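Here the structure is laid out as structure tokens; the discussion comes afterwards.
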Amino acid sequence: TFGASSVTGATINRIGRDTALNTLNDGRGIRTAVNTGQPDLVLQLRNGTTRNIEISSARTVGDLIDSFNSQTGGAARLEVGSNGRGFRVVDQTGGSGTLSVSNSFNSGVASDLGLQFGVGSDTLDGSALRATLGTVLTRSLNGGSGLELGGIVVNVGGTEEPVDLSGAATVQEILEK
């Protein structure tokens, strides 16, 4: 909604088809293969087949989605996740194996898209690539290497309190724990 001197609303820092890829990951973008034409990521489908995906010509999220989806031949699709901050891969093969995405050659695309892991279901939901306004992604910290987050113990007035930081995608989420 619009007020006299401010704008308020639900999450406004979302990924859409027109989002430039170089704005993802707090402006670090994505690292494609050094040699154009080499695959950037490997998609392992639940029916056991593999697809090598090359996206070096993609400049926007729409370009990325269209390129990925055309190279899977309908076996899988890439889409923006339901929270609007990352991607989702949906396996459409009907198989029962593992759906996974990994980097190929010297590319960092799978990692940079938050998709470098495997699941035993038809849907692989990636991690956040955009923080909400006023915070940064934890994977942008430590010179872009991110932080390994887990459990810590905080001493408050002589009392030790365990705090679980695992799953925090932004600095704001750490502060809220």
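If you're wondering where the values come from, they're calculated on a predicted model, not measured in any experiment.
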Are V80 and V61 side-chain neighbours, meaning at least one heavy-atom pair lies under 4.5 Å?
yes
Heavy-atom side-chain contact between I152 and V154 under 4.5 Å:
yes
How long is the gap from CG on L24 to CZ on R85, to the nearest 0.5 Å?
12.5 Å
Has S70 got a side-chain atom pairing as donor or acceptor with S67's backbone, closer than 3.5 angstrom?
yes
Just by modelled atom types, is the V89 backbone N or O under 3.5 Å from a matching donor or acceptor in the E79 side chain?
no
Step-by-step side chain to side chain contact (heavy atoms under 4.5 Å, CB included) determination, I30 to I55:
CA-CA 10 Å; I30 60 174; I55 55 99; 3.7 Å; yes
Got more than 12 heavy atoms from elsewhere within 6.0 Å of CG, D18?
no
Any chance you could lay out the side chain to side chain contact (heavy atoms under 4.5 Å, CB included) test for Q38 and S104, step after step, and finish with the verdict?
CA-CA 8 Å; Q38 283 187 330; S104 179; over 6 Å; no
Would L165 and V153 show up in the same hydrophobic cluster when neighbours are defined by side-chain heavy atoms closer than 4.5 Å?
no
Modelled atom types, side-chain donor and acceptor of S102 and Q116, under 3.5 Å
no
Rounded to the nearest 0.5 Å, what separation is found between the CG atom of L113 and the CZ atom of F68?
9.0 Å
How far apart are the closest heavy atoms of N83 and R14, and which atoms are they?
O-NH1, 3.3 Å
Working to the nearest 0.5 Å, report the span between CZ of F117 and OG of S127.
6.5 Å
What is the distance from atom CG of N52 to atom CG of D40, rounded to the nearest 0.5 Å?
10.0 Å
Does a side chain donor of either R51 or Q71 reach within less than 3.5 Å of an acceptor in the other side chain?
no
Residues A33 and S107: closest non-hydrogen pair is N-CB, 3.6 Å
Checking L124, L78, V101 against L43 for side chain to side chain contact (heavy atoms under 4.5 Å, CB included), the one that qualifies is V101
Restricting to non-hydrogen atoms, name the atom on A76 and the atom on L45 that form the minimum distance, rounded to 0.1 Å.
CB-CD2, 3.7 Å
Is L115 reachable from V42 through a run of I, L, V, M, F, W or Y residues, each pair having side-chain heavy atoms under 4.5 Å apart?
no
If only side-chain N and O atoms count, and only distance matters, is there a donor-acceptor pair under 3.5 Å linking S56 with E54?
yes
Minimum heavy-atom distance L64-A58, with the two atoms named:
N-CB, 3.7 Å
Could you give the distance from OG1 (T98) to CD (Q44), rounded to the nearest 0.5 Å?
8.0 Å
T60 side chain near L21 side chain, heavy-atom distance below 4.5 Å:
no
Is there a side-chain contact between D125 and F87 in this structure, where contact means two heavy atoms from C-beta onward sitting under 4.5 Å apart?
no
Do side-chain atoms of N25 reach the backbone of D112 as a donor and acceptor pair under 3.5 angstrom?
yes
Which heavy atom in T123 sits nearest to a heavy atom in V119, and how many Å separate them?
O-CG2, 3.5 Å
For a salt bridge (charged side-chain N to carboxylate O under 4.0 Å, His left out) check, start with the C-alpha distance between D66 and R17, then their side-chain angles and the critical distance, and finish with the verdict.
CA-CA 10 Å; D66 294 345; R17 287 189 61 83; 2.7 Å; yes
Give a yes or no on whether a salt bridge exists between R46 and D91, defined as a side-chain N under 4.0 angstrom from a carboxylate O.
no
Considering all heavy atoms of both residues, which atom of D63 and which atom of R59 are nearest to each other, and what is their separation?
OD2-N, 3.0 Å
